[in-house]
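Here is the naming used below: chain letters follow the sequence lines, and residue numbers restart at 1 for every chain. Keep in mind that this is a model prediction, so the values were computed, not measured.
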2 protein chains.
Amino acid sequence: MATRTAAQQRVDAKLRYDAYVAECPTRHLLDRISDKWTSLLINALAEQPRRFGELSRRVAGISQKMLTQTLRNLERDGLVSRTVTPAVPVRVEYALTPLGLDLLPVMQAIKAWAEANMEEVLAARADYDSANGS
Amino acid sequence: MATRTAAQQRVDAKLRYDAYVAECPTRHLLDRISDKWTSLLINALAEQPRRFGELSRRVAGISQKMLTQTLRNLERDGLVSRTVTPAVPVRVEYALTPLGLDLLPVMQAIKAWAEANMEEVLAARADYDSANGS
DNA sequence: CAGTATCCCTCATGATACTG
DNA sequence: CAGTATCATGAGGGATACTG
């Protein structure tokens with residue numbers, strides 16, 4: 001039944017999935033990729049494939065638990081690959097998959113937007129807080 | 001000291017703020033704009049300015065509490081404007097600010113990506129789950 | 001209509017300790 | 001090194017009821 005092109009399939013998907021609908025599985029996916037650790041990790045892995053320890057240093061402040069958990073989720077969702085090299089000690093390397101690479105531009109954009117507009121937001125908050133109570 | 005152009009200021013901001021650093025305020029901003037309700041609300045407000053009740057219907061499943069809370073945060077951050085028209089009953093309309101409009105493309109992209117790639121992710125999960133235990 | 005105010009509870013996340 | 005396991009906490013978020 002390979003009569004649908006990739007482009008047609010994408011159109012179909014857009015019709016089938018609508019994140020405005022509460023029961024849509026897209027909600028969960030949106031939740032996952034809208035995670036702060038996800039955006040930081042995808043960005044960090046885009047710089048270069050990295051080992052567990054490297055990642056925890058690059059993404060400062062992430063706990064071992066959240067790093068493991070987020071990486072597992074990303075691996076399960078097909079965004080990140082996990083390669084184990086048997087050795088002593090064992091070497092585990094994480095990298096973006098093609099699907100992860102496809103998501104990358106969005107993750108880069110969101111991180112870049114936050115960094116670029118931090119001061120404007122800070123100013124808006126100051127305005128809001130002085131206009132309203134405290 | 002208005003010797004810096006807008007472009008230069010953006011470059012400065014990128015140097016000053018780095019979301020990889022744990023203490024960077026960007027982390028909080030990233031968290032906020034990486035919220036599932038935020039992306040849905042920004043998208044909904046881009047379609048047209050909307051009233052409270054319209055929003056709660058458009059973004060199905062959101063509770064009154066989360067809607068209020070998220071709107072307040074977005075207003076405080078300067079992404080959304082809130083206009084009250086005195087009348088009986090009172091009319092309150094929410095709309096995107098220029099800053100919110102600036103963020104819109106990113107919010108559209110993330111929602112669109114989730115909807116477009118849902119099936120690939122679902123397939124990846126099925127693979128992962130059958131490869132590993134259950 | 002557009003909220004605010006409470007109660008309540010689950011789950012996300014961090015801290016700590018242990019392991020192949 | 002690259003995790004897993006366990007415990008503890010508090011914030012996120014839903015349900016319900018009330019108000020200008």
Side-chain angles (χ1 to χ4, degrees), chain A residues 19 22-23 27-41 44-45 48-77 80-95 128 132-134, chain B residues 19 22-23 27-41 44-45 48-77 80-95 128 132-134:
Chain A
E23 301 74 22
R27 280 283 176 88
H28 298 304
L29 180 54
L30 194 58
D31 237 359
R32 172 132 326 146
I33 63 180
S34 298
D35 183 79
K36 85 170 157 186
W37 297 129
T38 294
S39 62
L40 289 175
L41 284 176
L45 288 175
Q48 58 181 278
R50 288 180 190 277
R51 302 175 61 177
F52 190 88
E54 292 179 298
L55 278 172
S56 72
R57 263 168 271 123
R58 184 70 180 115
V59 180
I62 191 171
S63 65
Q64 262 194 343
K65 181 176 173 179
M66 288 316 298
L67 180 53
T68 301
Q69 196 173 106
T70 309
L71 284 173
R72 286 292 172 283
N73 283 334
L74 293 176
E75 188 193 355
R76 191 168 100 101
D77 287 353
V80 162
S81 67
R82 177 174 181 272
T83 309
V84 181
T85 305
V88 180
V90 61
R91 176 189 183 87
V92 179
E93 194 163 79
Y94 294 91
Y128 183 93
N132 304 278
S134 172
Chain B
E23 302 74 22
R27 279 282 176 88
H28 298 304
L29 179 55
L30 193 59
D31 237 359
R32 174 133 324 148
I33 62 180
S34 299
D35 184 80
K36 86 170 157 185
W37 297 129
T38 293
S39 63
L40 290 174
L41 284 176
L45 289 175
Q48 58 181 280
R50 288 179 189 277
R51 303 175 61 177
F52 190 89
E54 292 179 299
L55 278 173
S56 72
R57 262 168 272 122
R58 184 66 179 120
V59 180
I62 191 171
S63 65
Q64 263 194 343
K65 179 178 173 178
M66 288 317 297
L67 181 53
T68 301
Q69 196 174 107
T70 308
L71 284 173
R72 285 293 171 281
N73 284 333
L74 292 176
E75 187 193 355
R76 192 168 100 100
D77 286 353
V80 162
S81 68
R82 176 173 181 273
T83 308
V84 181
T85 305
V88 180
V90 61
R91 177 190 182 86
V92 180
E93 193 163 79
Y94 294 92
Y128 183 93
N132 305 277
S134 177

Tell me which nucleotide among [options] gets nearest to the side chain of [X].
X	options	result
B/W37	C/dA2, D/dG14, D/dC1	D/dG14
A/Q64	D/dT4, C/dG14, D/dA17	D/dT4
B/K65	C/dC1, C/dC7, D/dG3	C/dC7

For A/D31 and for A/R72, find the nucleotide of DNA chain D with the closest heavy atom, then tell me which residue's nucleotide is more 5'.
-> A/R72

Do [X] and [Y] come within less than 4.5 Å of each other through their side chains, counting heavy atoms only?
X	Y	result
B/R27	A/L40	yes
A/L55	A/L71	yes
B/F52	B/V92	no
A/Y128	B/D77	no
B/Q69	B/R72	no

Quick one: is [X] getting a side-chain N or O under 4.0 Å of the [N] phosphate, OP1 or OP2?
X	N	result
B/Y94	C/dG3	yes
B/R51	C/dA2	yes
A/R82	D/dA2	no

To the nearest angstrom, how far is [X] atom [atom1] from [N] atom [atom2]?
X	N	atom1	atom2	answer
B/N132	D/dG3	CG	C1'	15 Å
B/L71	C/dG3	CG	P	8 Å
B/F52	C/dC1	CZ	P	11 Å
B/L67	C/dC1	CG	C1'	13 Å
A/L55	D/dA2	CG	P	9 Å
A/K36	C/dT13	NZ	P	8 Å
B/H28	D/dA11	NE2	P	13 Å
B/R32	D/dG12	CZ	P	9 Å

Is there a Watson-Crick or G-U wobble partner for D/dA11 with both distances under 3.5 Å, and if so, which one is it?
-> C/dT10

Opposite nucleotide pairing with D/dT4, Watson-Crick or G-U, both atom distances under 3.5 Å = C/dA17

By nearest-nucleotide position on DNA chain C, the 5'-leaning member of B/T68 and B/R57 is B/R57

So what does B/Q69 hit on the nucleic acid, given a heavy-atom distance under 4.0 Å: a base, only sugar-phosphate, or nothing?
-> nothing

